[in-house]
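Below is one structure, written out as structure tokens, with a few remarks after it.
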Amino acid sequence: APEKAIEMTARALEDTKVGELFDQIAHRTKITRTTLERTLFGEDGLMRNYPSRMVRAAMRLVVEVSTKDAQTAGKTILGISHYLKDMKKIDRDIRITLKSSADNMKATGVIFAPIVMGVTVALYAYLYATFRGLEQVMPTSMVPVPQFQLIIGLYLILMVVIIMYYVAGIEWGEDWTERKYLVGFALPVAAILFSLT
């Protein structure tokens, strides 16, 4: 029975997160005497607010195949297990492959872009002063330096946020805490480099 298999798995995976989850499932199933589906996905089911979509999907599949005969359910669950193991390996390999690109993106957003934009504002200020002196000879309509600096600063902020959003996605997936941390780290550093240049 799936309930017995979950209980045995909880004992085998003792002191792990998955073991704790399986122990809760086995414990609740025994105490409430309800079906596995209701324990996991009922009104106050353990999977209703579980953070991992992959675990929820796997447990949904376990519930579905447990209605079949034991041999079919076992083969299906083993197949899913091998599939998830392969997916995890592929995910790890992709992250390793993209690490250098992510590091380059991070360096661009935090260091190179603020310096280049700071130099751009300094050159614009120099050109503005030069052309203002020539205004009597040749009329010009240039944006004042503070406005130009504000435009470039806003562009820099947006660029850093977008770059860090994607870098965090490459390195950590859908982890919003990591995304906020990277943006919170990168923006002040980029702003300081931009203002010093």
Side-chain angles (χ1 to χ4, degrees), residues 13 15-21 24 41 44-60 83-135 138-197:
L13 298 174
D15 299 327
T16 64
K17 292 281 185 191
V18 175
E20 288 174 21
L21 173 65
Q24 285 179 337
F41 299 103
D44 58 341
L46 293 170
M47 291 290 118
R48 300 253 325 161
N49 296 315
Y50 202 76
S52 172
R53 283 186 297 170
M54 188 169 64
V55 172
R56 284 197 313 265
M59 293 310 287
R60 172 64 71 186
Y83 171 76
L84 290 175
K85 199 182 294 182
D86 291 344
M87 290 301 291
K88 193 171 185 180
K89 185 180 180 300
I90 290 168
D91 185 50
R92 189 181 68 242
D93 292 346
I94 289 172
R95 286 183 199 280
I96 290 168
T97 304
L98 292 176
K99 178 130 179 67
S100 62
S101 298
D103 289 343
N104 288 339
M105 288 170 67
K106 219 184 286 187
T108 299
V110 175
I111 298 167
F112 300 125
I115 290 172
V116 168
M117 290 182 186
V119 169
T120 303
V121 170
L123 285 172
Y124 183 81
Y126 173 74
L127 290 172
Y128 184 82
T130 303
F131 283 113
R132 284 308 249 187
L134 298 173
E135 199 170 57
M138 183 177 63
T140 59
S141 58
M142 294 179 73
V143 176
V145 175
Q147 287 180 5
F148 183 75
Q149 189 172 15
L150 178 67
I151 292 165
I152 295 293
L154 289 173
Y155 177 74
L156 176 66
I157 289 169
L158 289 172
M159 189 185 73
V160 168
V161 168
I162 290 168
I163 287 175
M164 292 306 133
Y165 176 87
Y166 284 110
V167 167
I170 291 168
E171 292 181 344
W172 302 100
E174 292 294 320
D175 187 349
W176 283 98
T177 306
E178 193 62 36
R179 282 190 169 141
K180 289 175 187 173
Y181 170 77
L182 271 179
V183 170
F185 165 76
L187 274 178
V189 173
I192 289 168
L193 284 173
F194 177 66
S195 60
L196 290 177
T197 309

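- Between A190 and G109, the closest heavy-atom pair is CB-O, 4.0 Å.
- Among all heavy-atom pairs drawn from L193 and P114, the shortest one is CB-CB, 3.9 Å.
- Here the straight-line distance linking atom CD1 of I157 with atom CZ of F194 works out to 9.0 Å at 0.5 Å rounding.
- Expressed to the nearest 0.5 Å, how far OH of Y165 lies from CE of M105 amounts to 12.0 Å.
- Ring geometry for F148 against Y124 counts as parallel: the plane angle stays under 30°, on a 0 to 90° scale with 60° as the upper cut.
- The salt bridge (Lys or Arg N to Asp or Glu O under 4.0 Å) pairs that include a residue from residues 179-197 are E174-R179, where partners are two or more places apart or lie in different chains.
- Between the CD1 atom in I170 and the CD1 atom in I94 there is a gap of 11.0 Å [rounded to 0.5 Å].
- Atom-to-atom distance recorded for T130:OG1 and L123:CG is 10.5 Å, nearest 0.5 angstrom.
- Atoms CG and CG, from L182 and L187 in turn, are 10.5 Å apart once rounded to the nearest 0.5 Å.
- Judged as a salt bridge (Lys or Arg N to Asp or Glu O under 4.0 Å), the pairs with a partner in residues 103-119 (not counting sequence neighbours) are, in order, K99-D103, K106-E171.
- Contact detail for A186 and V110: the closest heavy-atom pair is CB-CG2, 3.6 Å.
- Listed by first and then second residue, the side-chain hydrogen bond (donor to acceptor under 3.5 Å, both in side chains) pairs involving residues 83-94 are K89-D93, D91-R95 (not counting sequence neighbours).
- Proximity of L21 to M47: side-chain heavy atoms (C-beta onward) are separated by under 4.5 Å at one or more points.
- Rounded to the nearest 0.5 Å, atoms CG (L127) and CE (M142) are 6.0 Å apart.
- Side-chain contact check for M164 versus Y181: every heavy-atom pair is 4.5 Å or farther apart.
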